[in-house]
Visitor: 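Sharing a structure below in structure tokens format, with a few things to ask.
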Amino acid sequence: MSQRKFSACFIATLMLPAFALPQSFLSQYKGLPYQDTRYQGGAQKIPGRVLCAYYDLGGEGVAYHDTDPQNHGSGELNPADGSYLNEFRIHEGVDISYTKFNRKPNLIDDNPFDRVVPPADLPYVGWTEPGEWFNITVDVTQAGTYAADFLYTSNRGGTISVDVNGKEATGPLEITSTNDPRDPLAWRQWHHWNLAPQLFKVHLNKGKNVLTVHILTLGNMNLAYFDFKPVHR
Ligand SMILES: [Ca+2]
Ligand SMILES: [Ca+2]
């Protein structure tokens, strides 16, 4: 490229409006809000509770990236039996299970090592590994800054991050381990639920926004929901 062409190109880049990136992300994004026979709510609403398991429709490379195409929850840990929860998004690569209460011989998600007792029968994203991500289209009632409480388990700590409309918005977020050596059951280290209050704050435009949740380090976290509340100044 000649010096003159390079300069022209550089100046043209400088002249791009600051909002060019998010606008172009939204106009090119092919994912769609989740829906099924039971959930017909459209884009999840903010303020409100945004379920990770309701990540967008669109498949691998569009709505999510998962390490393998198998769903290690639906149809595997939770055998295909015709029930809604055991077969939830069974053919997608993202690995999904749900909170199980009153199970015998051992309590699972309502165990005594929970820091916060989650809702029962709540679908969540599990079997998470570094490099995985998923998108969630949300509908924001009013532009502003929102804080997100996060319901999760983490058997060894780790970091996640959240993009808004294709742009990094939070930086790495430390997830506190919920490992508890007092629990005699090794597998239950994946089921100690906790709420991280105000894990992050983001500015959101009114209307459609796309959140991208990234697993950055360590993985082995179960991601249930983000509860978005407006930050009043
Ligand atoms: Ca998978
Ligand atoms: Ca996975």
Side-chain angles (χ1 to χ4, degrees), residues 29-36 38-39 44 49-100 108-109 118-119 121-138 148 150-163 166 168 170 172-179 186-194 196 199-200 210-226:
Y29 178 57
K30 299 285 193 280
L32 293 169
Y34 182 66
Q35 64 169 10
D36 63 19
R38 189 174 294 192
Y39 177 75
Q44 299 186 76
R49 187 165 291 181
V50 173
L51 267 62
C52 296
Y54 290 172
Y55 65 87
D56 286 353
L57 299 171
E60 168 68 36
V62 174
Y64 64 82
H65 168 62
D66 201 82
T67 305
D68 67 20
Q70 300 306 119
N71 188 328
H72 293 291
S74 303
E76 192 173 293
L77 176 72
N78 307 324
D81 61 359
S83 70
Y84 177 79
L85 285 172
N86 276 37
E87 298 190 4
F88 187 77
R89 309 189 81 164
I90 190 170
H91 297 300
E92 298 193 37
V94 177
D95 309 285
I96 301 178
S97 191
Y98 58 94
T99 53
K100 297 163 182 154
I108 300 180
D109 294 293
D121 295 332
L122 180 73
Y124 61 82
V125 172
W127 293 264
T128 51
E129 297 185 34
E132 295 183 339
W133 54 265
F134 54 86
N135 290 332
I136 310 172
T137 298
V138 294
F150 177 44
L151 184 71
Y152 74 98
T153 83
S154 168
N155 80 353
R156 61 189 68 171
T159 52
I160 67 171
S161 69
V162 179
D163 301 345
E168 184 178 332
T170 65
L173 301 164
E174 291 284 339
I175 305 302
T176 305
S177 171
T178 55
N179 191 294
W187 58 264
R188 212 161 54 188
Q189 295 296 346
W190 276 265
H191 298 270
H192 298 161
W193 290 92
N194 191 24
L199 179 68
F200 62 88
V210 175
L211 310 178
T212 306
V213 180
H214 293 272
I215 308 299
L216 296 182
T217 64
L218 294 181
N220 282 278
M221 292 172 263
N222 290 327
L223 285 58
Y225 63 66
F226 297 98

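Bear in mind the structure is a predicted one, so any value in this text is a computation, not a measurement. Both counts, for ligands and for their atoms, begin at 1 and track the order of listing.
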Visitor: Please report how many protein N/O/S atoms lie under 3.0 Å from the Ca ion (ligand 1).
Guide: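 Those protein atoms number 7 in total.
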Visitor: Evaluate the side-chain proximity of Tyr152 to Leu199: yes if any heavy-atom separation is below 4.5 Å, no if none is.
Guide: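 Sidechains of Tyr152 and Leu199: no contact.
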Visitor: Nearest 0.5 Å please: distance from the OG1 atom of Thr128 over to the CZ atom of Phe134.
Guide: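 Going from OG1 on Thr128 over to CZ on Phe134, the span is 9.0 Å.
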Visitor: With the Ca ion (ligand 2) as the point of reference, which N/O/S atom of Glu132 is the closest?
Guide: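 It is OE2, the N, O or S atom of Glu132 closest to the Ca ion (ligand 2).
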Visitor: Do Leu51 and Leu122 make a side-chain contact, defined as non-hydrogen atoms from C-beta onward lying under 4.5 Å apart?
Guide: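 A side-chain contact exists here, since the closest heavy-atom pair is under 4.5 Å.
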Visitor: Is the gap between the ring centers of Phe150 and Phe200 under 6.0 Å?
Guide: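 No.
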Visitor: Centroid-to-centroid, Tyr54 to Tyr39, below 6.0 Å?
Guide: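 Close enough - the centres of the two rings lie under 6.0 Å apart.
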Visitor: Where do Trp193 and Ala224 come nearest, in terms of heavy atoms and distance?
Guide: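 Looking at all heavy atoms of both residues, the closest pair is CZ3-CB, 3.7 Å.
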